[in-house]
Amino acid sequence: MPRMRKYLFSAGFALLVAATSVSVTLMMPQAFASEIKYVVNDIPVTTGDIAHRSAFLKLQRKKGDAGQEMIDQTLRMAEAKRLGIRISDAQVDAAYQRFATNNKMQISQLDGVMEKSGVTKGHFKEFIRAQMAWNQALTARYRSGDGTGKVSEQDLVKKMLEKGGAKPSATEYMLQQVIFVVPAAERRATLAKRKREADAMRARFNGCGTTHAFAKGLIDVTVRDLGRVLAPQLPPDWAEQIKATKVGGATVTRETERGIEFIGICSSREVSDDKVAQMVFQNEGSSDKNADELSNKYVEELKAKARIVKR
C-alpha cells in the first residue's frame with residue numbers, strides 16, 4: 001500500500017516552519033500544569049499533554065482540537081499495543097534525526113525549537129511513535145481481509161480479463177537477515193562498535209552461501225534465512241533498499257530494536273501465479289483508497305467502543 005504509507009508519513013512530519021525564524025520569534029512558554037482532563041479506556045490524558053499538542057498545532061500553523069487529537073492518539077496507541085505493534089526508542093530517535101536532517105537542522109537546534117515552542121522533544125517523539133505505530137496498525141487492518149482490501153477470486157478473474165487474460169508478475173526474492181545483537185542494557189556503550197563490525201561483514205558479503213559459517217566466528221551474530229519473499233510482501237522499512245541491491249549483495253546496515261542489521265539478497269526471479277496476481281491487484285486497488293478516510297473510519301470505530309470520561 002505505497003500511497004497509504006506515504007500519506008501517513010507525510011502527515012506525521014508536516015512541521016513546515018524554518019528553524020531560524022522560529023528560534024527568534026517564539027516566546028518561552030509557561031510551565032504546563034498536569035492534571036487529568038480525560039480518561040480514555042483507563043488511560044489518562046492530562047492538561048499538560050493537551051497544552052503540548054496545542055503548541056504543536058500552533059507551530060504547524062494548523063487549526064484543530066488539541067484535546068480531541070490527544071484522545072485519538074491515545075486510542076491509536078492502545079489499538080497498536082493490542083495488535084502487538086511496538087515502536088522502539090531507537091526507531092523513534094532515528095526518525096527524529098531524519099526529521100532534523102531533512103529540515104537542515106542539528107539535533108540541538110531541533111531540541112531548541114521543540115522546547116521554545118512549548119511542544120517539547122518528548123511530546124514530539126511520542127507523536128512520531130504514535131504515527132509509526134498507527135501506520136502499521138492501519139496497514140495490518142487494510143490487508144487483513146476484513147472487506148477493506150481483500151481481492152476476491154471473482155475480482156481476480158475480472159482484473160485478469162481486463163488485462164487480456166495475463167497474470168501480473170512480481171519479483172520473488174530469496175533473503176537472508178544478519179543481526180549483530182545489541183542488548184538494551186549495552187546499547188549506549190557498544191552500539192557504535194557493533195555497527196563498525198556489521199559494516200565490515202556487510203562489505204565482505206558475497207552471496208548467502210558462506211554467511212552462516214562466517215558468523216560462527218563472531219560473537220552475538222544471528223543469521224536468519226527468510227526464504228522466498230514476494231516484492232509486495234517486503235517489510236516497508238527494507239523494501240526500497242532490497243529492490244535497489246543486486247543479487248549477491250547486501251543492503252546497508254540499519255539500527256533496529258535488536259541491534260544492527262542488514263539483509264543479503266541471495267537470489268531473485270520474476271514469478272507469475274494466482275498468489276502473485278492477488279497480491280499485485282490488491283496493492284493496485286489499495287493505491288486508489290483514501291488513506292485519510294480509512295484512518296478516520298478506524299478511529300471512529302475505536303471511539304464507539306471506548307470509555308471516554310471527561311474530568
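Keep in mind it's a predicted model, so treat the numbers as computed, not measured. Only heavy atoms go into these numbers, but all of them, side chains included; no hydrogens, no water, no symmetry mates.
Grouping the Ile, Leu, Val, Met, Phe, Trp and Tyr side chains by contacts below 4.5 angstrom, directly or via other members, places L191 apart from V92. A single hydrophobic cluster is seen to contain both L175 and W238, as judged by linkage of ILVMFWY side chains at heavy-atom distances under 4.5 Å, directly or through other members. Grouping the Ile, Leu, Val, Met, Phe, Trp and Tyr side chains by contacts below 4.5 angstrom, directly or via other members, places L138 with F127. Hydrophobic clustering of Ile, Leu, Val, Met, Phe, Trp and Tyr side chains at less than 4.5 Å, counting indirect connections, unites M132 with L294. I128 and V119 fall within a single hydrophobic cluster, where Ile, Leu, Val, Met, Phe, Trp and Tyr are joined by side-chain heavy atoms under 4.5 Å apart, directly or via other members.
Formation of a donor-acceptor pair under 3.5 Å by the Q91 side chain with backbone atoms of T256 is not found in this model. Distance alone, capped at 3.5 Å, places no donor-acceptor pair between the T47 side chain and the K37 backbone. Side-chain atoms of E186 never come within 3.5 Å of backbone atoms of P183 as a donor-acceptor pair (strictly under, hydrogens ignored). Listed for the D225 side chain is no donor-acceptor partner under 3.5 Å among the backbone atoms of Q176. Using modelled atom types, no side-chain atom of T251 and backbone atom of I242 make a donor-acceptor pair closer than 3.5 Å. Using a distance-only test at 3.5 Å, with no hydrogens or angles considered, a donor-acceptor pair links the side chain of R129 to the main chain of I87. At distances below 3.5 Å, not a single donor-acceptor pair connects side-chain atoms of R228 with backbone N or O atoms of E172.
Here the CG-CD1 distance, from L302 to I71, works out to 13.0 Å after rounding to the nearest 0.5 Å. Atom CG of N103 sits about 13.0 Å away from atom CZ of R98, to the nearest 0.5 Å. Remark: I36 CD1 to I43 CD1 distance equals 12.0 Å, nearest 0.5 Å. The OG1 atom of T245 lies 10.5 Å from the CD atom of E240; values are rounded to the nearest 0.5 Å. Atom CG of residue D65 and atom CE of residue M70 lie 12.0 Å apart, to the nearest 0.5 angstrom. Here the straight-line distance linking atom CD1 of I50 with atom CD of E69 works out to 11.0 Å at 0.5 Å rounding.
With contacts defined as side-chain heavy-atom distances shorter than 4.5 Å, the pair E255/D93 does not qualify. Put simply, the side chain of L75 reaches to within 4.5 Å of the side chain of N41, judged on heavy atoms. Residues K303 and D72 are in side-chain contact: their nearest non-hydrogen atoms beyond the backbone lie under 4.5 Å apart. Taking the side chain as every heavy atom from C-beta outward, Q131 and W134 never approach each other to under 4.5 Å. Here the side chains of F214 and V223 are not in contact, with every heavy-atom distance at 4.5 Å or above. Side-chain contact between Y96 and D111 is present, with at least one heavy-atom pair separated by less than 4.5 Å. With a 4.5 Å cut-off on side-chain heavy atoms, R311 and E35 do not count as touching. Contact of the L234 side chain with the K243 side chain is registered, since non-hydrogen atoms from C-beta on lie closer than 4.5 Å.
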Steps toward side chain to side chain contact (heavy atoms under 4.5 Å, CB included) verdict (R76, V299) | CA-CA 7 Å; R76 289 171 175 176; V299 171; 3.4 Å; yes
Under the side-chain hydrogen bond (donor to acceptor under 3.5 Å, both in side chains) criterion, do T101 and Q97 qualify, and how do the steps go?
-> CA-CA 6 Å; T101 301; Q97 174 68 68; 3.2 Å; yes
Does the pair T171 and E270 meet the rule for a side-chain hydrogen bond (donor to acceptor under 3.5 Å, both in side chains), with working shown?
-> CA-CA 5 Å; T171 303; E270 291 297 307; 2.4 Å; yes
Step by step, would you call L59 with M114 a side chain to side chain contact (heavy atoms under 4.5 Å, CB included)?
-> CA-CA 9 Å; L59 188 61; M114 291 296 112; 3.8 Å; yes
Could you walk me through whether D237 and R254 pass the side chain to side chain contact (heavy atoms under 4.5 Å, CB included) test, one step at a time?
-> CA-CA 10 Å; D237 290 348; R254 287 184 55 232; 3.7 Å; yes
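Looking at every heavy atom in both residues, A137 comes nearest to L83 through CB-CD1, 3.8 Å. Taking all atoms of both residues into account, the shortest heavy-atom contact from F205 to G264 is CZ-CA, 3.6 Å. Across all their heavy atoms, A55 and S117 have their closest contact at CB-O, 3.4 Å. In this structure, Y173 and S268 approach most closely via the heavy-atom pair CD2-CB, 3.8 Å. Of all heavy-atom pairs spanning V247 and C266, the tightest one is CG1-O, 3.4 Å. Taking all atoms of both residues into account, the shortest heavy-atom contact from S54 to A66 is N-CB, 3.6 Å.
Using a 4.0 Å cut-off between charged side-chain N and carboxylate O, R224 and E261 make no salt bridge. Using a 4.0 Å cut-off between charged side-chain N and carboxylate O, K195 and D199 make a salt bridge. Between R194 and E197, at least one side-chain nitrogen of the basic residue sits less than 4.0 Å from a carboxylate oxygen of the acidic one, meeting the salt-bridge criterion. Between E79 and R82, at least one side-chain N (NZ, or NE/NH1/NH2) sits under 4.0 Å from a carboxylate O, which counts as a salt bridge.
Annotation: N206, atom CG; neighbour count of heavy atoms from other residues, nucleotides and ligands within 6.0 Å does not exceed 12. Crowding of Q106 atom CD: a count of heavy atoms from other residues, nucleotides or ligands under 6.0 Å not exceeding 12. Applying the 6.0 Å contact sphere to NZ of K125 captures more than 12 heavy atoms from other residues, nucleotides or ligands.
No option in V252, I263, I260, V178 other than V252 meets the side chain to side chain contact (heavy atoms under 4.5 Å, CB included) test with R202.
Between F99 and F124, the angle of the ring planes goes over 60°, which puts this pair in the perpendicular group of the 30/60° scheme. Relative ring orientation between H123 and H52 is described as tilted, the plane-to-plane angle lying within the 30° to 60° band.
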